[in-house]
Number of protein chains: 2
Amino acid sequence: MLSIGDLSRRTGVKVPTIRYYEQMGLLDAAERSEGNQRRYERTDLERLAFIRHARDLGLDIQAIRELIALSQHPNLPCADADRIAADHLSAVREKIEKLKKLEEELARIVSHCDGGHSIEECYVIRSLSDHGLCGGEH
Amino acid sequence: MLSIGDLSRRTGVKVPTIRYYEQMGLLDAAERSEGNQRRYERTDLERLAFIRHARDLGLDIQAIRELIALSQHPNLPCADADRIAADHLSAVREKIEKLKKLEEELARIVSHCDGGHSIEECYVIRSLSDHGLCGGEH
DNA sequence: CTTGAAGCTCTAGTGACTATAGGGATTATC
DNA sequence: GATAATCCCTATAGTCACTAGAGCTTCAAG
Ligand SMILES: [Zn+2]
Ligand SMILES: [Zn+2]
Ligand SMILES: [Zn+2]
Ligand SMILES: [Zn+2]
């Protein structure tokens with residue numbers, strides 16, 4: 001039986017975060033010691049590692065909740081799980097696209113000024129004042 | 001003199017957001033009509049357009065506050081403004097790098113399963129359970 | 001002068017935590 | 001068995017940049 005601190009050390013998830021996951025329904029409410037402290041077993045450790053890994057990959061709490069629910073039904077087809085992952089991949093790709101546009105614009109803006117001007121002439125300030133100086137939309 | 005709604009329509013910034021920017025100190029507290037409604041002038045319109053553009057480029061409120069403060073001193077050198085922009089560009093590039101790693105991993109995971117398995121065999125679920133199946137860190 | 005749109009303030013909700021306060025439990029040492 | 005250090009508990013509030021709603025007042029058109 002592991003304390004919440006043990007679980008934390010073994011997974012790298014902070015103690016308050018573990019309690020938060022319980023509150024959000026990702027972890028089952030843990031058994032308690034006589035003194036009301038949480039006690040965990042190996043299955044909880046695995047569940048938490050799953051959650052942690054899914055979070056590291058950027059999945060949100062709701063998606064993880066659904067994946068956990070699915071994983072409780074080993075014989076169902078996995079189309080739903082695959083769709084969740086595919087949707088997330090699409091969302092990540094969209095974010096990348098948006099950030100690349102920002103990067104391009106910012107790089108252009110930054111390259112036009114080297115800190116050697118006055119604020120009045122600064123290309124950074126002028127670009128922010130006038131989207132017309134931009135190369136694209138955002 | 002423009003009402004807050006006029007300002008909203010001309011900049012595409014929603015009315016509550018304009019009030020929020022005032023509260024955050026990005027916009028000066030507007031003059032008021034006899035009936036306590038906000039009234040704006042051209043300079044406010046320009047300020048709001050600046051804020052909007054900076055937000056569209058991903059700068060946060062604090063950075064925008066600093067840029068506005070700088071733009072009030074036209075004769076100072078622009079090194080601080082340039083640094084804010086350059087720092088933001090670096091942050092954007094870091095985000096892109098992280099997202100690209102996620103994308104790669106997610107693409108790999110998704111490509112291994114086509115929805116035609118059982119949950120028990122699903123590569124998505126198995127990958128989430130075991131980071132050892134991953135190609136890199138995240 | 002009436003009506004409907006627009007404006008006002010204040011509060012709370014979003015997501016995924018993190019921090020703090022003010023206590024109680026457990027464990028190691030003496 | 002006492003004590004101290006560490007751990008754990010709940011509950012609340014703060015983060016960021018808004019957004020939504022309640023309940024009220026003001027404005028502009030007809
Ligand atoms: Zn400059
Ligand atoms: Zn622009
Ligand atoms: Zn699958
Ligand atoms: Zn992994």
Side-chain angles (χ1 to χ4, degrees), chain A residues 1-27 29-40 44 48 50-68 84 87-88 91-92 95 98-99 102 138, chain B residues 1-27 29-40 44 48 50-68 84 87-88 91-92 95 98-99 102 138:
Chain A
M1 299 294 270
L2 304 169
S3 71
I4 197 168
D6 296 332
L7 204 61
S8 172
R9 275 181 293 278
R10 294 202 195 197
T11 58
V13 178
K14 290 180 185 157
V15 167
T17 306
I18 295 173
R19 289 196 277 249
Y20 170 73
Y21 288 157
E22 178 184 316
Q23 212 188 333
M24 292 298 101
L26 299 187
L27 291 171
E31 287 177 47
R32 299 293 180 123
S33 72
E34 285 185 16
N36 198 36
Q37 299 192 356
R38 289 171 179 81
R39 293 294 177 257
Y40 296 96
D44 299 304
L48 184 53
F50 181 97
I51 296 167
R52 170 83 207 266
H53 195 208
R55 286 293 301 128
D56 285 347
L57 285 164
L59 287 151
D60 64 21
I61 302 269
Q62 178 54 29
I64 297 173
R65 225 188 321 252
E66 292 173 28
L67 287 167
I68 289 171
I84 288 170
D87 287 353
H88 180 51
V92 168
K95 273 193 195 168
K98 281 189 187 158
L99 285 173
L102 287 195
H138 18 242
Chain B
M1 300 293 268
L2 304 169
S3 72
I4 197 168
D6 295 333
L7 205 60
S8 173
R9 275 181 293 277
R10 294 203 195 196
T11 56
V13 178
K14 290 181 186 157
V15 167
T17 305
I18 296 174
R19 289 194 278 247
Y20 171 74
Y21 288 156
E22 178 184 315
Q23 210 187 335
M24 292 299 101
L26 299 187
L27 290 171
E31 289 176 46
R32 299 294 180 121
S33 72
E34 285 186 15
N36 198 37
Q37 299 194 355
R38 289 171 179 80
R39 293 292 177 257
Y40 295 96
D44 300 305
L48 184 53
F50 181 97
I51 296 166
R52 169 84 207 265
H53 195 206
R55 286 292 302 127
D56 284 347
L57 285 165
L59 288 151
D60 65 21
I61 300 270
Q62 178 54 29
I64 297 173
R65 227 189 318 254
E66 292 173 29
L67 288 167
I68 288 172
I84 288 170
D87 286 354
H88 180 52
V92 167
K95 271 193 196 169
K98 281 190 187 157
L99 285 173
L102 287 195
H138 20 240

Response to the item:
Nearest heavy-atom approach of B:L102 to A:L57 is CD1-O, 3.6 Å

Worksheet item: How would you list, by chain and number, every residue that makes a ring pair (Phe, Tyr, Trp, His ring centres under 6.0 Å) with B:H53, sequence neighbours excluded?
Response: A:H131, A:H138

Can you sort out the partners of [X] under salt bridge (Lys or Arg N to Asp or Glu O under 4.0 Å), two or more places apart, ordered by chain and number?
X     : value
A:R9  : A:D6
B:R55 : none
A:D60 : none

Worksheet item: Where each residue is assigned the nucleotide of DNA chain C containing its nearest heavy atom, which of A:Y20 and A:E34 is assigned the position nearer the 5′ end?
Response: A:Y20

Taking only distance into account, with no hydrogens and no angle test, what donor-acceptor pairs under 3.5 Å do side-chain atoms of residues 11-19 of chain B form with protein atoms, sequence neighbours excluded?
unit_1	atom_1	unit_2	atom_2	d
B:T11	OG1	B:L7	O	2.8
B:T11	OG1	B:V13	N	3.2

Worksheet item: Between B:L59 and B:S33, which has a closest nucleotide on DNA chain D that is more 5'?
Response: B:L59

Item to complete: Would you grab the first and last nucleotide of DNA chain C (5' to 3') that comes under 4.0 Å of any non-hydrogen atom in chain A?
Response: C:dA16 to C:dT26

Worksheet item: Axis-to-axis angle across the helix from C:dC1-D:dG30 to C:dC30-D:dG1, five pairs an end, to 10 degrees?
Response: 10°

Fill in: Interface with DNA chain D, restricted to residues 6-17 of chain A and to heavy atoms under 4.0 Å
none

Discussion item. Taking any atom closer than 4.0 angstrom to a non-hydrogen atom of chain A, what span of DNA chain D does the protein reach, first nucleotide to last?
Written reply: D:dC8 to D:dT10

Discussion item. List the residues meeting side-chain contact (heavy atoms from CB on, under 4.5 Å) with A:R10, not counting sequence neighbours, and say none if there are none.
Written reply: A:L2, A:L45

Discussion item. For the CG atom of A:L59 and the CG atom of A:L67, what is their distance to the nearest 0.5 Å?
Written reply: 6.5 Å

Could you give the side-chain donor-acceptor pairs of residues 29-38 of chain A under 3.5 Å, partners two or more places apart or in another chain?
unit_1	atom_1	unit_2	atom_2	d
A:R32	NH1	A:N36	O	2.9
A:R32	NH1	A:N36	OD1	3.4
A:S33	OG	A:G35	N	3.2
A:S33	OG	A:N36	N	3.4
A:S33	OG	A:Q37	N	3.0
A:R38	NE	A:E22	OE1	2.8

Discussion item. Under the rule for side-chain hydrogen bond (donor to acceptor under 3.5 Å, both in side chains), what residues qualify as partners of A:Q23, not counting sequence neighbours?
Written reply: none

